[in-house]
Engineer: 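Here it is: the structure, laid out below.
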Amino acid sequence: MTKNIELAEVFTNIAKILKIQNENIFKIRAYEKIAETLENMPMEIETIYKTGKLDEIPGVGPAIAQKIGELLETGKLEYYEKLKEAIPTGVLELLNVPDVGPRKAKLFYEELGIDTVEKLEAAALQHQLQSLPGMGKKAEENILRGLELYKKREQRRPLGIALLAAEGIVAELKPLAEVAQISIAGSLRRRKDTIGDIDILITSLKPENIMEKFVNLPQAKEVLAEGMTKSTILTYQDIQVDLRVVPPDSFGAALLYFTGSQAHNIHLREMAVKQRLKINEYGVFQSKDDKKIAGENEQKIYEILGLRYIEPELREDRGEIEAALNNRLPVLVEVDDIKGDFHIHTNYSDGFNTIEEIVVAASKRGYQYIAITDHSQSLHIAGGLDEERLLEQIKRIEQINQSLEGITILKGIEVDIKSDGTLDIPDAILKRLDIVIAAIHSGFKQERKQLTERLRKAMENPYVDIIAHPTGRIIGYREAYDIDVQEIIQIAAQTNTALEINASPERMDLSDIYVKSAREHGVLLAIGSDAHQISALDHMAYGLAIARRGWLEKEHLLNTLSFDKLQARLKKK
DNA sequence: GCCGTTTTCGGCCCGACTGTTTTCAGTCG
């Protein structure tokens with residue numbers, strides 16, 4: 001795990017403990033902010049520390065700079081150790097139970113010695129909570145329900161899963177006569193790679209029927225809350241869905257607010273305050289007389305603040321507001337810009353479809369080219385191709401290509417990078433391909449240095465065009481392997497190797513912050529669907545989401561090149 | 001604890017809902 005994430009966790013926990021201790025909320029926010037900054041930073045904090053530039057990071061002052069230094073130098077933090085003596089880490093876990101916040105956690109710990117979720121449940125079942133000050137029967141019941149939700153609550157879902165679920169619900173609600181406008185909001189609208197819950201926004205003057213329909217949806221397993229403006233259900237997939245209804249003239253303000261991110265919203269509201277304005281989910285208001293001056297559309301709200309419209313994918317407070325202010329927002333790549341797919345498997349290895357079936361499907365999607373990239377021999381389990389079968393496939397593709405019009409199949413391979421960094425198909429064969437993508441599929445547990453060197457060696461190979469799924473993470477199943485992504489980006493720039501945005505919903509690799517960093521280092525990105533069947537060609541949309549979240553314009557993406565220009569950009573074979 | 005196109009001290013985003021309350025605290029997004 002990278003140091004950034006480790007440090008972020010320490011600062012998050014400090015914030016939680018301080019909350020329980022009822023410290024100054026702004027001090028707490030300072031710790032929360034640095035934790036978030038660390039999580040969102042593509043650079044290693046250690047690198048910045050070594051160059052003595054910690055204080056250039058927004059939100060880092062003398063106190064936090066000292067703490068980062070101490071953590072990096074000693075691996076420990078005296079201040080944090082002291083705090084943990086007062087509030088054990090187990091108590092912090094209580095905060096993850098819905099309806100338990102810092103005040104109740106403190107109450108339960110101090111009055112009943114509750115320092116684990118298990119103890120909390122036992123106490124609730126024995127009705128020990130309802131007699132505590134400020135508690136009551138209802139409150140205790142709510143905690144029990146919170147515990148059920150806590151146990152059910154899955155990890156964050158891949159974007160692909162959540163998006164399908166949300167689109168299903170929108171399709172049910174949209175036809176209702178009372179619905180004026182409907183939109184997906186929240187992190188789903190921002191197309192974040194993983195989704196906690198689904199937010200849907202509707203405008204209407206008559207919400208009753210809409211709410212009625214919503215809580216009785218076939219997808220709804222359980223109703224968690226039901227009100228006039230806000231209801232929450234749990235689906236059979238255990239995904240929480242929030243529906244909010246506002247009047248039509250607040251659509252823009254509500255959409256802005258419910259889309260977030262929270263950091264983006266706070267930044268906008270701070271700007272508004274300086275202009276003697278107030279923004280809430282109903283509109284933009286003048287401070288002097290509370291007069292509403294905007295609300296019906298998002299664009300107008302940005303305009304009033306002196307900003308260009310900011311696409312949802314950019315709203316993470318990662319510099320997009322400053323860019324909008326200076327008219328320097330990227331012109332994000334769009335779906336129509338995509339001319340082809342660089343990562344597709346067939347039934348030559350572990351895919352389901354034939355080359356012919358895939359090319360027909362790709363053609364329907366308007367692609368100019370696709371790369372057939374089956375696994376190579378080391379991946380026995382996936383029926384990887386040895387030299388002989390690869391040569392056979394090359395021949396086959398050349399045959400098929402002769403009969404095609406408007407689309408070309410690129411002869412390719414997803415070649416395995418062996419543990420010593422060599423490839424398991426010799427250069428003499430790679431040379432005969434149009435495109436080579438290389439990937440690590442084994443030896444994930446190697447040391448950081450060794451893994452990074454492995455990738456370096458692969459990128460230095462004169463025939464390797466793209467590194468597939470560069471960090472190897474699988475969402476909810478496997479952590480990224482321990483590579484120095486920043487160094488990989490630099491090597492990619494030096495060797496003119498593209499990095500893949502693997503669009504498979506459980507991979508989504510590279511992730512947005514590294515994509516943005518790659519862009520800044522002049523590295524080209526290449527989206528690959530990693531499709532193993534025709535329907536998965538549509539995963540391209542998820543790859544595009546990452547590209548847009550990584551600030552990519554058309555020119556940063558290999559997939560936007562016409563077939564002719566693409567050939568000129570690939571390494572010479 | 002951080003920060004500065006009114007400030008190096010005094011600010012720091014905004015509101016809904018719920019439950020236990022006689023006016024508000026806690027939680028959530």
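None of these values were measured; they are calculated from a predicted model.
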Engineer: Looking only at side chains, do A:Gln486 and A:Gln490 share a donor and an acceptor under 3.5 Å apart?
Structural biologist: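 Checked: A:Gln486/A:Gln490 side chains show no N/O donor-acceptor pair below 3.5 Å.
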Engineer: When rounded to the nearest Å, what value does the distance between C1' atoms of B:dC2 and B:dT8 take?
Structural biologist: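 Per the computed distance, 12 Å lies between those C1' atoms.
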Engineer: Describe, in one word, how the ring planes of A:Tyr31 and A:Phe11 are oriented to each other, choosing from parallel (under 30°), tilted (30 to 60°) and perpendicular (over 60°).
Structural biologist: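 If you compare the ring of A:Tyr31 with that of A:Phe11, the planes turn out parallel.
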Engineer: Contact class for A:Lys230 vs. all strands (heavy atom < 4.0 Å): base, sugar-phosphate, or nothing?
Structural biologist: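 Since no nucleic acid heavy atom lies under 4.0 Å of A:Lys230, the category is nothing.
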Engineer: Measure the CG-CD1 distance between A:Leu7 and A:Ile34 for me, rounded to the nearest 0.5 Å.
Structural biologist: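 So the gap between those two atoms works out to 8.5 Å.
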Engineer: If I take atom CG from residue A:Leu255 and atom CG from residue A:Asp199, how far apart are they, to the nearest 0.5 angstrom?
Structural biologist: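 Result: 10.5 Å between the selected atoms.
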Engineer: For residues 290-298 of chain A, which residues have at least one heavy atom under 4.0 Å from DNA chain B?
Structural biologist: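 None - not one residue of the stretch has a heavy atom sitting under 4.0 Å from the strand.
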Engineer: Taking the side chain of A:Thr229 as its heavy atoms from C-beta onward, which of B:dT27, B:dC17, B:dG29 lies nearest to it?
Structural biologist: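 Nearest listed nucleotide: B:dC17.
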Engineer: For the side chain of A:Lys67, counting heavy atoms from C-beta on, which of B:dC13, B:dG26, B:dG1 is nearest?
Structural biologist: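 Within the option list, the nearest is B:dG1.
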Engineer: From the options A:Asn216, A:Leu243, A:Thr229, select the one residue that forms a side-chain contact (heavy atoms from CB on, under 4.5 Å) with A:Met211.
Structural biologist: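 Answer to the side-chain contact (heavy atoms from CB on, under 4.5 Å) test with A:Met211 among A:Asn216, A:Leu243, A:Thr229: A:Leu243.
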Engineer: Taking the P atom of each, how far is B:dC28 from B:dT20, in whole Å?
Structural biologist: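 Result for the P pair: 16 Å, nearest Å.
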Engineer: Syn or anti for B:dT7, with syn set at within 90° of 0?
Structural biologist: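 Syn, angle within 90° of zero.
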Engineer: Picking from B:dC28, B:dT27, B:dC12, which would you name as closest to the side chain of A:Lys104?
Structural biologist: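 Taking heavy atoms from C-beta onward, the closest nucleotide is B:dT27.
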Engineer: If only side-chain N and O atoms count, and only distance matters, is there a donor-acceptor pair under 3.5 Å linking A:Gln21 with A:Glu23?
Structural biologist: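 No, no side-chain donor-acceptor pair sits under 3.5 Å.
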Engineer: Going by atom types alone, do A:Thr203 and A:Gln181 pair a side-chain donor with an acceptor below 3.5 Å?
Structural biologist: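 On atom types as modelled, these side chains qualify, holding a pair under 3.5 Å.
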Engineer: If you assign each of A:Ile57 and A:Arg29 to its closest nucleotide in DNA chain B, which residue comes earlier from the 5' end?
Structural biologist: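 Its nearest nucleotide lies further toward 5', so the answer is A:Ile57.
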Engineer: Determine, for A:Tyr80 and A:Lys84, whether the Lys NZ or Arg CZ falls below 6.0 Å from the six-membered ring centre while staying within 45 degrees of the axis.
Structural biologist: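 Cation-pi check for A:Lys84 and A:Tyr80: passes.
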Engineer: Hey, which of these two, A:Asp199 or A:Lys27, hits DNA chain B nearer its 5' end, going by closest nucleotide?
Structural biologist: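 Final value for this comparison: A:Lys27.
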Engineer: Can you tell which of B:dC2, B:dG1, B:dG19 lies closest to the side chain of A:Tyr31?
Structural biologist: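 That would be B:dG1.
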Engineer: Scan A:Arg315, A:His267, A:His264 and name whichever one has a side-chain hydrogen bond (donor to acceptor under 3.5 Å, both in side chains) with A:Glu320.
Structural biologist: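 The side-chain hydrogen bond (donor to acceptor under 3.5 Å, both in side chains) with A:Glu320 is passed solely by A:His264 among A:Arg315, A:His267, A:His264.
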Engineer: Indicate the atoms forming the closest heavy-atom contact of A:Trp551 with A:Arg318, along with that distance.
Structural biologist: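 Where A:Trp551 meets A:Arg318 most closely, the heavy atoms are CZ2-O, 3.7 Å.
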Engineer: Below 4.0 angstrom, which residues in residues 263-284 of chain A have at least one non-hydrogen atom near DNA chain B?
Structural biologist: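 Close to the strand are A:Ile266, A:Arg269, A:Glu270, A:Val273, A:Arg276, A:Lys278, A:Ile279, A:Asn280, A:Glu281, A:Tyr282.
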Engineer: Is it the case that the side chains of A:Asn96 and A:Glu93 hold a donor-acceptor pair, with the cut-off being a distance below 3.5 Å and no angle test?
Structural biologist: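 Short answer, yes.
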Engineer: Considering residues, nucleotides and ligands other than A:Arg478, do more than 12 of their heavy atoms fall under 6.0 Å from its CZ?
Structural biologist: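 Correct, the count exceeds 12.
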Engineer: For nucleotides 20-24 of chain B, which of its nitrogen or oxygen atoms have a protein nitrogen or oxygen under 3.5 Å away, and what is each distance?
Structural biologist:
| from | atom 1 | to | atom 2 | distance (Å) |
| --- | --- | --- | --- | --- |
| B:dT20 | OP1 | A:Gly136 | N | 3.2 |
| B:dT20 | OP1 | A:Ala139 | N | 3.1 |

Engineer: Applying the Watson-Crick and G-U wobble criteria at under 3.5 Å, what pairs with B:dT8? Answer none if nothing qualifies.
Structural biologist: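 Partner of B:dT8: none found under 3.5 Å.
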Engineer: What interatomic distance, in whole Å, is found between P of B:dT6 and the corresponding atom of B:dC12?
Structural biologist: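 15 Å, rounded to whole Å.
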